[in-house]
Amino acid sequence: MMNRLRILIFIAATSLLAAGCFYDTQDVLYSARQPVPCDTTNITYLKSIVPIISANCNSCHSTKQAEAFGNGIILDTFNSLQEQAANGKLMHDINGDPGYNFMPKNGSKLISCDSAFIQLWVNANTPNN
């Protein structure tokens with residue numbers, strides 16, 4: 001009786017362990033985690049750029065915070081953001097180019113889609129639409 005119980009316990013434990021093993025390829029296991037390509041159609045200031053700037057820049061570069069934290073650079077209005085884009089500083093800082101300040105300061109680099117959206121907006125001469 002004791003041997004039969006041990007055998008049943010061994011079979012149950014082995015079955016549980018085997019159920020957790022699989023031999024799928026990396027493509028099958030992680031395909032859902034692959035980055036979604038950027039949809040760069042219909043980039044607009046209000047729908048595309050404002051949310052990125054709000055989420056990543058306005059803690060230092062809003063009208064209220066710029067003097068204390070953002071060296072007086074304001075990015076929460078169209079005109080001030082357009083000025084930084086026109087003088088080239090916006091993209092140089094976002095890209096962390098030599099001689100510029102990497103932004104967001106003490107933060108993570110913008111995700112590639114966000115920086116691509118801003119670059120496309122800058123390349124289109126910063127339309128206000």
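Computed from a predicted model, the values in this text were never measured in an experiment.
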Check whether more than 12 heavy atoms from other residues, nucleotides or ligands sit under 6.0 Å from atom CG of Asn128, and answer yes or no.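 Atom CG in Asn128 is packed in, count exceeds 12.
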To the nearest 0.5 Å, what is the distance between [atom1] on [X] and [atom2] on [Y]?
X: Thr126; Y: Asn129; atom1: OG1; atom2: CG; answer: 10.0 Å
X: Leu81; Y: Ile53; atom1: CG; atom2: CD1; answer: 5.0 Å
X: Asn106; Y: Ser59; atom1: CG; atom2: OG; answer: 10.0 Å
X: Ile74; Y: Gln84; atom1: CD1; atom2: CD; answer: 9.5 Å
X: Asn42; Y: Leu120; atom1: CG; atom2: CG; answer: 12.0 Å

Report yes if some heavy atom in the side chain of Asp93 is under 4.5 Å from a heavy atom in the side chain of Phe102; otherwise report no.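 No, side chains not in contact.
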Do His61 and Met103 come within less than 4.5 Å of each other through their side chains, counting heavy atoms only?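 Counting from C-beta outward, His61 and Met103 do come under 4.5 Å.
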Quick one: do [X] and [Y] end up in the same hydrophobic cluster if we chain Ile, Leu, Val, Met, Phe, Trp and Tyr together by side-chain heavy atoms under 4.5 Å apart?
X: Val122; Y: Ile73; result: yes
X: Val50; Y: Leu90; result: yes
X: Ile94; Y: Ile43; result: yes

Begin from the C-alpha positions of Trp121 and Ile52 and carry the test side-chain contact (heavy atoms from CB on, under 4.5 Å) through to its verdict. CA-CA 12 Å; Trp121 177 72; Ile52 297 167; over 6 Å; no
List the residues meeting ring-ring contact (aromatic ring centres under 6.0 Å, His included) with Phe78, not counting sequence neighbours, and say none if there are none.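 Testing Phe78 for ring-ring contact (aromatic ring centres under 6.0 Å, His included), a comparison that skips the adjacent residues, returns Tyr45.
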Would you please test Phe117 and Cys38 for side-chain contact (heavy atoms from CB on, under 4.5 Å) and show each step? CA-CA 9 Å; Phe117 292 165; Cys38 295; 4.2 Å; yes
Show the numbers, then the answer: is there a side-chain contact (heavy atoms from CB on, under 4.5 Å) between Ile118 and Met91? CA-CA 8 Å; Ile118 295 171; Met91 288 313 302; 3.4 Å; yes
Any donor-acceptor N or O pair under 3.5 Å, side chains Asp76, Thr63: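 Present: a donor and an acceptor within the cut-off.
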Glu83 versus Asn79, side-chain donor and acceptor atoms under 3.5 Å: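 Result is no, nothing qualifies.
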Minimum-distance pair of heavy atoms, taken over all atoms of Ser115 and Ser112: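 Heavy atoms only, the tightest pair is OG-O, 3.1 Å.
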Has the side chain of Asn95 got a donor or acceptor atom that lies under 3.5 Å from a matching backbone atom of Asp97?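 A pair under 3.5 Å: no.
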